[in-house]
Amino acid sequence: MPPRKRKLDEMIADGKKQKSKPAQPQKETKGSNVEYCHWLMKSEPDSRLEKGIDVKFGIEDLKTCPDQTACWDGVRNYQARNFMRDQMKLGHKVFFYHSNTKEPGIVAICEVVKESYVDHTQFDSKDPHYDETSKKDNPRWYMVDVKYKRMLKRFVPLSQLKQLHIKHKETGGPLKNIALFTKARLSVQPVTQDEWDYILSLEDEG
DNA sequence: GCCAACGTTGGC
DNA sequence: GCCAACGTTGGC
């Protein structure tokens with residue numbers, strides 16, 4: 001029997017040449033085949049109702065979770081899902097980003113403490129991210145667990161990152177292609193080693 | 001609250 | 001497979 005064809009949307013979102021890669025030490029290589037080991041994940045620190053349910057989840061909410069760990073449920077975008085499902089591995093570092101708030105920006109560092117598993121909220125009709133088209137024998141959405149590590153010494157606002165991004169496009173600096181602006185609407189984004197190091201260096205600025 | 005950018009859906 | 005309409009994201 002031929003392999004079952006996957007749905008078109010998933011093919012597109014996955015990219016056609018995405019072969020399953022062995023889970024091995026992540027390394028950034030020059031050129032095409034980049035494997036990431038740093039990430040940025042967006043979450044909303046302010047209350048907002050979605051289907052009558054508050055989706056607020058800021059860094060202070062993560063800190064109060066058991067073991068300061070939360071499952072990253074509710075992602076309903078294929079690209080973001082694929083990063084979580086296929087590429088986010090134990091020990092990977094994550095910038096925790098506050099979005100849709102007065103002062104958007106990076107607030108903290110987290111770590112992946114559980115690799116991808118089925119997002120249970122897709123089957124929960126009361127959940128704001130319920131997906132009635134997803135079947136239990138073939139789940140569509142996956143998540144990882146993320147654990148709080150530490151606050152940044154200094155909040156790094158989106159406005160500063162944007163200034164630097166614009167400047168670096170001219171100068172060829174490390175933030176010239178940062179996904180925060182080149183793939184602005186992705187809620188789970190890869191961060192290169194250079195981007196990570198550069199943003200961390202901003203912590204120590206006056 | 002506005003709305004630009006962009007992802008998704010569905011008719012053809 | 002195109003593309004218009006529609007819905008969502010998220011900065012401002």
Side-chain angles (χ1 to χ4, degrees), chain A residues 4-18 36 38-62 70-88 94-110 116 119 121-135 138-144 146 152 154-169 175-191 195 198-199 202:
Chain A
R4 193 180 61 81
K5 270 202 167 173
R6 288 190 303 163
K7 300 189 70 164
L8 182 63
D9 56 358
E10 310 217 1
M11 304 270 293
I12 290 165
D14 285 354
K16 42 198 160 193
K17 67 170 176 117
Q18 191 84 332
Y36 298 100
H38 301 88
W39 306 92
L40 180 148
M41 297 173 105
K42 298 179 183 175
S43 194
E44 302 186 34
D46 299 339
S47 282
R48 185 173 64 82
L49 296 186
E50 223 173 277
K51 297 178 185 162
I53 291 159
D54 195 351
V55 296
K56 161 178 161 24
F57 192 80
I59 194 66
E60 296 308 318
D61 300 297
L62 177 60
C71 59
W72 210 264
D73 61 352
V75 170
R76 297 294 180 266
N77 169 281
Y78 288 111
Q79 266 194 75
R81 176 205 66 180
N82 292 348
F83 284 134
M84 288 201 291
R85 189 190 59 184
D86 306 334
Q87 291 191 241
M88 293 182 80
V94 177
F95 282 137
F96 193 107
Y97 176 91
H98 277 169
S99 68
N100 213 2
T101 186
K102 192 166 183 184
E103 273 204 297
I106 301 171
V107 291
I109 294 176
C110 302
S116 76
D119 178 348
T121 66
Q122 70 197 290
F123 305 121
D124 178 359
S125 62
K126 290 171 199 70
D127 190 277
H129 306 293
Y130 174 57
D131 182 353
E132 63 171 7
T133 68
S134 180
K135 298 302 166 206
N138 185 20
R140 177 166 304 167
W141 304 112
Y142 289 81
M143 61 189 181
V144 299
V146 161
L152 290 190
R154 175 176 87 71
F155 172 70
V156 176
L158 178 67
S159 56
Q160 183 185 12
L161 292 168
K162 186 176 220 165
Q163 283 188 344
L164 290 165
H165 169 63
I166 290 167
K167 186 171 88 182
H168 289 187
K169 279 197 289 184
L175 302 189
K176 63 177 186 293
N177 296 130
I178 188 170
L180 197 55
F181 303 107
T182 60
K183 292 173 179 170
R185 295 180 50 188
L186 257 193
S187 65
V188 175
Q189 331 186 321
V191 175
E195 290 164 355
Y198 185 82
I199 291 168
L202 299 175

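Labels below follow one simple rule: chain letters A, B, ... track the order of the sequence lines, proteins then strands, and each chain is numbered from 1.
Checked by atom type and distance alone, the side chain of A/N82 never pairs as donor or acceptor with a backbone atom of A/Q79 at under 3.5 Å. Remark: the backbone N or O of A/N100 is not paired with any side-chain donor or acceptor of A/E44 at under 3.5 angstrom. Judged by distance alone, with hydrogens and angles left aside, the side-chain atoms of A/T101 form no donor-acceptor pair with the main-chain N or O of A/D46 at under 3.5 Å. Between the side chain of A/H98 and the backbone N or O of A/G105 there is no donor-acceptor pair closer than 3.5 Å.
Residue A/R185 is the one, among A/S99 and A/R185, whose nearest nucleotide of DNA chain C lies closer to the 5' end (criterion: closest heavy atom). Heavy-atom nearest nucleotides on DNA chain B were determined for A/R76 and for A/N100, and the one closer to the 5' end corresponds to A/N100.
Nucleotides of DNA chain C lying under 4.0 Å from heavy atoms of chain A occupy a range whose first and last members, 5' to 3', are C/dG7 to C/dC12.
Counting non-hydrogen atoms under 4.0 angstrom, A/K162 reaches the backbone sugars and phosphates but no base. At the heavy-atom level, A/Y97 lies under 4.0 Å from the strands shown only through sugar-phosphate atoms.
The aromatic ring centroids of A/F96 and A/W39 lie 6.0 Å or more from each other.
Screening A/R140, A/K135, A/E132, A/M143 for a side-chain contact (heavy atoms from CB on, under 4.5 Å) involving A/Q122 leaves a single residue, A/R140.
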